[in-house]
Peer 1: 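Please see the structure below; I have some questions.
Just so it is clear: chains get the letters A, B, ... in the order the sequence lines come, proteins before strands, and each one is counted from 1. Since the structure is predicted, the reported quantities are computational estimates derived from the model, not experimental observations.
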Protein chains: 2
Amino acid sequence: MRYVIAVAEAGGFEAAAERLHMTQPPLSRQIRELERELGVTLFHRRPTRLTEAGREFVESARQVLADAEQVVERTRRAAGVDHGAVRVGYTVTTAFDEMPKMFAAMGARHPGIRIEAREGWDAELTAAVAAGELDVLLGRHLGVPPEFQTTVLRTEDFVVVVGAGHRLAGREAVSLRELRGETLRFFPRRFAPHYHDAVLGAVRGTGAEFDVWENPLPGLRNLNVSLRDSGFMVLPRSLGRQLPSGIAYLTITDEMPPIELRLSWQRNPSPAVTTLIRTARRLARREGWSVS
Amino acid sequence: MRYVIAVAEAGGFEAAAERLHMTQPPLSRQIRELERELGVTLFHRRPTRLTEAGREFVESARQVLADAEQVVERTRRAAGVDHGAVRVGYTVTTAFDEMPKMFAAMGARHPGIRIEAREGWDAELTAAVAAGELDVLLGRHLGVPPEFQTTVLRTEDFVVVVGAGHRLAGREAVSLRELRGETLRFFPRRFAPHYHDAVLGAVRGTGAEFDVWENPLPGLRNLNVSLRDSGFMVLPRSLGRQLPSGIAYLTITDEMPPIELRLSWQRNPSPAVTTLIRTARRLARREGWSVS
DNA sequence: CGACTGGCATACCCGAAAGGTATACCGCCG
DNA sequence: CGGCGGTATACCTTTCGGGTATGCCAGTCG
């Protein structure tokens, strides 16, 4: 049902496949098998248009899927799981994409659970956890206390970020070797030592060596300033996409270990915390984070 | 969802598994994984009872499943597939179990399709097909015109049927060799030559030989008369179960080829005919006919 | 008018998940 | 306290959903 709706909304198989985070052939097959089982043609092909029966199907199917969602919510409510509060600490690398989406997902599916979110650098979050002020941590290569359990929400590669005036700004992909002699811009290590080490370790693993110039101002918001004239940064791909205009990001052709976004929580989590964990996992599947 | 409802209705995992035509362990696992995903316990175990949340789940899930059924019906209706008529010829071996169930399934899911059913022996049905009076044939080892297409709806083994006073009537299983010297009762070959040959061929394939006494009256309705004193019959298992009281049926321990129930139709079937074929296949899956 | 391109279909492969078999465990009853 | 009904656990098999490579066809443009 989701597939038919996606094809109808996207106006074609290829576009729908992308939206569903899958490829076109299995999608075509699933639709065709459904058509065989129903004995009814849902789409005219070439161009892809809904048939009369297809319109009917999409309309009813939307209702059924919505109701199915309701089932789990009502059940959770009946079990008394849908209340309480979660205190989340997150890093700046999640502040543009993942954290807002998770916040939205929790609000939509579990309005009864209150979320207290606090952005901070590695040391601040660690201190807050030690003080018992946080239940959950969300970040990339955060320092996490050993008594916490962890799951990976997203795995992705790095991209190179340069200013729009850079000589490579028009390229799709580069090797790090092409950047020899340039300066790698980074925030000071003390703000997020594990992440800092992970990125530089990954870069050095390719055999490349760079001068690292540590911008005294941490944060990603003033990139166009620091990259105006020269130098480059190395960031997870999803962050590269979120940057303001005047900035270009390039795929790296060298072999590099991927970077992981992790969710951590202390043992014996409250029902509200487990609900947040489940919701985050669902979100990751829906958004295709395990893949890209 | 179907699984949870089945467990709730059956009052236990084992009984529910039987109703679903599967075994208990995978059912238990599925339920447990659903409970994990929901973060909610649906059943108290030992004894198996619904929790409060479980009741909520069952209630909502019933509605969703019913609506999902509706989706396919509305779609078929919109495609204009749900009208027309099918003329079905069937043999007496299907008259107790399969044919009534198929009739009921068609009435429930496709009330717009009219069914004309005609019971008859092999030769009568063949003649009716030749005269263009039938669209579909349902039977066990019927003679089917070569231009018909065929699918297998059910595969099962044979049982031995004896009168209640027979010396073996209390037994669970027998070898055909234990019946040496007794008379195999059968209807005259001319009524259904292919079926007759299939059964006797299967029996002789075990190495056993019997006197065959052909009851001049065909039909299964007067069995208790013909089996009152002595003799036995060999029938497909599902027919053995349907017999009147005063009759016992026994599993055969010898190796014998199974007997198939087949559905046949002429090429280029009308939409109504393909609908009936699909419905029959669904029915066969639901009833577990491919297995038993 | 034919070569090109975009988009769906076809063929084949692989891994995850569903179902089956064998068996252990556990509460209940005699 | 031992047998029994019924659920859980361990392990294997099969099925199906998804991926990659490639074919095919309609519409378009040189």
Peer 1: Side chain of B:Tyr3 only, please: which of D:dG17, C:dG19, C:dC8 is the nearest?
Peer 2: C:dG19

Peer 1: Could you check whether B:Gln30 gets within reach of a base, just the sugar-phosphate, or nothing at all, counting any heavy atom under 4.0 Å?
Peer 2: sugar-phosphate

Peer 1: Among the candidates D:dT7, C:dC8, D:dG17, find the nucleotide nearest to the side-chain atoms of B:Glu14.
Peer 2: D:dT7

Peer 1: Do A:Arg19 and A:Glu9 come close enough that some side-chain heavy atom pair is under 4.5 Å?
Peer 2: yes

Peer 1: Under 4.0 Å, heavy atoms only, any strand: does B:Thr23 hit a base, just the sugar-phosphate, or nothing?
Peer 2: base

Peer 1: Please work out if B:Phe43 contacts a base, only the sugar-phosphate, or nothing of the nucleic acid, heavy-atom cut-off 4.0 Å.
Peer 2: nothing

Peer 1: Indicate whether any N or O donor in one side chain lies under 3.5 Å from an N or O acceptor in the other, for A:Ser238 and A:Glu156.
Peer 2: yes

Peer 1: Verify the distance criterion only: is there a donor paired with an acceptor across the side chains of A:Arg281 and A:Thr151 at less than 3.5 Å?
Peer 2: yes

Peer 1: Heavy atoms only, 4.0 Å cut-off, all strands: where does A:Arg32 land among base, sugar-phosphate and nothing?
Peer 2: sugar-phosphate

Peer 1: For A:Arg171, look at atom CZ and say whether over 12 heavy atoms of other residues, nucleotides or ligands are found less than 6.0 Å away.
Peer 2: yes

Peer 1: Round to a whole Å and report the spacing from CZ of B:Arg29 to P of C:dA18.
Peer 2: 7 Å

Peer 1: Can you measure B:Arg36 atom CZ to D:dA8 atom P for me and round it to whole angstrom units?
Peer 2: 15 Å

Peer 1: What is the distance, rounded to the nearest whole Å, between atom CZ of A:Phe13 and atom P of D:dG18?
Peer 2: 15 Å

Peer 1: Measure from the side-chain heavy atoms of A:Pro25 and tell me the nearest of D:dT9, C:dA11, C:dC8.
Peer 2: C:dA11

Peer 1: Compute whether any side-chain donor of one residue and acceptor of the other, for B:Arg278 and B:Thr275, lie under 3.5 angstrom apart.
Peer 2: yes

Peer 1: Check the phosphate of D:dT7 against B:Thr48, side-chain N and O only, distance under 4.0 Å to OP1 or OP2. Yes or no?
Peer 2: yes

Peer 1: Quick check: on DNA chain D, is the nucleotide nearest B:Gly11 upstream (toward 5') of the one nearest A:Pro47, or the reverse? Name the residue that is more 5'.
Peer 2: B:Gly11

Peer 1: Please state how far atom CD1 in B:Ile31 lies from atom C1' in C:dA18, giving the value in whole angstrom units.
Peer 2: 14 Å

Peer 1: Please determine whether a side-chain nitrogen or oxygen atom of B:Ser28 lies at a distance below 4.0 Å from atom OP1 or OP2 of D:dT7.
Peer 2: no

Peer 1: Please determine whether any donor N or O and acceptor N or O are separated by less than 3.5 Å between the side chain of B:Arg45 and the base of D:dG6.
Peer 2: no

